[in-house]
Undergrad: 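I have a structure I would like to understand better, so I am pasting it below and will then ask my questions one at a time.
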Number of protein chains: 2
Amino acid sequence: MSNGAENPAPPVVLRGDLQAPTGPVAAPRQRADALRNRAQILSAAEALFTATPHPRGVTMEQIAKAAGVGRATLYRSFPDPSAVAMALLDEHEKRLQGQMIYGPPPLGPGAPPGERLAAFYMAYLDLLRRHLPLALGAETGPARYETGAYGFWRLHVRTLLTAGGVQDPDALADIALGPLAPELYHHQLKTLGIPHERIVQALVLSARRLLNPTPP
Amino acid sequence: MSNGAENPAPPVVLRGDLQAPTGPVAAPRQRADALRNRAQILSAAEALFTATPHPRGVTMEQIAKAAGVGRATLYRSFPDPSAVAMALLDEHEKRLQGQMIYGPPPLGPGAPPGERLAAFYMAYLDLLRRHLPLALGAETGPARYETGAYGFWRLHVRTLLTAGGVQDPDALADIALGPLAPELYHHQLKTLGIPHERIVQALVLSARRLLNPTPP
DNA sequence: GCCCAAACGGACAAGGCGTCCACTTAATCT
DNA sequence: AGATTAAGTGGACGCCTTGTCCGTTTGGGC
């Protein structure tokens, strides 16, 4: 669904040519200790990101030490600290993605596009509120837009915009996602002191204005 | 107006208490070589940021060498590479700020708020287009929101939203500024290949939807 | 022309990054 | 079960950038 940036992609075939008919792929067995370490890393990293006041400053050394593994072992699974945060965040995002596809309206299918967009804003901001340190730790500027997760949000919003009959949903999709940047939410909440609920309501208003032809 | 993060702020008074009646402040004379070096630094840095494919990767060493000064001299004026980019960007932003206050409508005063917001979007995106490397080089996550320039944009948008009679202009101001993030513009333009003009039109549309009660 | 303060820049130490390689351990084969 | 093989591990190395210190130079007021 959305793919964090972890390394284990060994069955990569560079060109699409003649991959042997191995059936449904011979299980690329993961060794038990590797899985155990990965779990330890994720667990320790989550605590670390949550505890630090400045998630972007978390270093590979710190994560490795907290997880009780060597740095090279950590590098085997993740290329940099933000990749760890992304993997963590990805788990939470996947649940939301499921609700958006299969869940009940207004988040899931069935509601008018403006209401679905508003519901998505509400749900995503709630995710941000609960996992802000992870989101801040994962934010590496341009990398944010390259993730599978961003592609999912983008596709979803684009679909809603199309259903709403708006011009150029492709260009508008990213614009509609702009206000969800974790750094921006953090600034509003922590620096400006705007309460979560007001941010949510403001976003809901903008969703309705964007997609409802005539406001009440 | 907007203040880049350069060091020379010696007449700072921490508390507002009893600053000696020195008249209009004794001129804190700048030595000629200091000004010359500063100019060289800014000039060399602009070229450097523009030339590199990855503005965030520009290092203090590179800037100093390009300007023909020592690293410590560079540190005297700027704490990090992004501060140099900010100072550079600030000059361009100031011109736009002037037009927004004193210039003709729809950018300046006189036009309805929706049109002024649309005009601001157009102007800012044009700034971004012309100085994207600087904007990307200046973008240091949270720091972006702490700059005087951001405060100006925020105040302006807040004023327009208030004039537009919208609820909670304080929370909406940042939301309206979210889509202007340089990284986002870069992603749309370079990665997705959406032409500049379409991005502008999409933003103009969102501005009108947000602030015009009944679209044509 | 002298003097003092401001400015300069070479040099230093600290710390993170990314990789290599010798050792360990889990899973498979006989 | 024991041997074999390959994946997994982590200590250690070299590289790069940062941020600061301090001896030297330079500008401008007296």
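Each chain gets a letter, A, B and so on, in the order its sequence line appears, and its residues count up from 1.
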Undergrad: Tell me: CZ of B/R36 to P of C/dA7, nearest whole Å?
TA: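 To the nearest whole Å, that distance equals 13 Å.
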Undergrad: Using atom CZ of B/R38 as one end and atom P of C/dG9 as the other, report the distance to the nearest whole Å.
TA: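 Going from B/R38 (CZ) to C/dG9 (P), I get 16 Å.
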Undergrad: I'd like a table of donor-acceptor pairs (distance under 3.5 Å, sequence neighbours excluded) in which one partner is a side-chain atom from residues 39-51 of chain A, with atom names and distances.
TA:
unit_1, atom_1, unit_2, atom_2, d
A/T50, OG1, A/E46, O, 2.7

Undergrad: If you define the side chain from C-beta out and look only at heavy atoms, does anything of B/V166 sit under 4.5 Å from A/R209?
TA: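 When only atoms from C-beta onward are counted, A/R209 and B/V166 do touch, with a gap below 4.5 Å.
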Undergrad: Is there, by distance only and without an angle test, a donor paired with an acceptor across the side chain of A/R71 and the base of D/dG11 below 3.5 Å?
TA: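 Side chain to base: no pair below 3.5 Å.
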Undergrad: Surrounding CD of A/Q167 (heavy atoms of other residues, nucleotides or ligands, distance under 6.0 Å), is the total greater than 12?
TA: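 Counting other residues, nucleotides and ligands, CD of A/Q167 stays at 12 neighbours or fewer.
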Undergrad: Let me know the distance between CZ of A/R76 and P of D/dG11, rounded to the nearest Å.
TA: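 Rounded to whole Å, this separation is 15 Å.
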Undergrad: Picking from C/dG10, D/dT9, C/dT19, which would you name as closest to the side chain of B/A72?
TA: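 Of the options given, the side chain of B/A72 lies nearest C/dG10.
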Undergrad: Using a strict heavy-atom distance below 4.0 Å, which residues from residues 59-67 of chain B are in contact with DNA chain D?
TA: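 Output list: B/T59, B/M60.
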Undergrad: Roughly, in whole Å, what's the span from CG in A/L35 to P in D/dA7?
TA: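 It is 16 Å, rounded to the nearest whole Å.
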Undergrad: Nearest whole angstrom, please: distance from the P of C/dG18 to the CG of A/D80.
TA: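 Rounded to the whole Å, the gap is 7 Å.
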Undergrad: Determine, using ring centers only, whether B/Y145 and A/H186 are less than 6.0 Å apart.
TA: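 No.
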Undergrad: Heavy atoms from C-beta onward define the side chain here; which of C/dC17, D/dG8, D/dT20 lies closest to that of A/Y75?
TA: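 Shortest atom-to-atom distance from the side chain points to C/dC17.
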Undergrad: Should the pair A/Y124 and A/F120 be assigned to parallel (<30°), tilted (30 to 60°) or perpendicular (>60°) ring geometry?
TA: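 Tilted.
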Undergrad: Output yes when at least one side-chain N/O atom of B/T73 is less than 4.0 Å from OP1 or OP2 of C/dA7, else no.
TA: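 Result: no.
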Undergrad: Going by atom types alone, do A/Y150 and B/H187 pair a side-chain donor with an acceptor below 3.5 Å?
TA: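 There is no such pair (donor and acceptor under 3.5 Å, judged by atom type) between the side chains of A/Y150 and B/H187.
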Undergrad: Check this one for me: any side-chain N or O of A/N37 less than 4.0 Å away from OP1 or OP2 of D/dG8?
TA: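 Result: no.
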Undergrad: On DNA chain D, does the nearest nucleotide to B/A32 precede the nearest nucleotide to A/V69 from the 5' side, or the other way round? Give the residue.
TA: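 On the 5' side of the pair lies A/V69.
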Undergrad: Is any side-chain heavy atom of B/I199 closer than 4.5 Å to one of A/D174?
TA: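 Not in contact.
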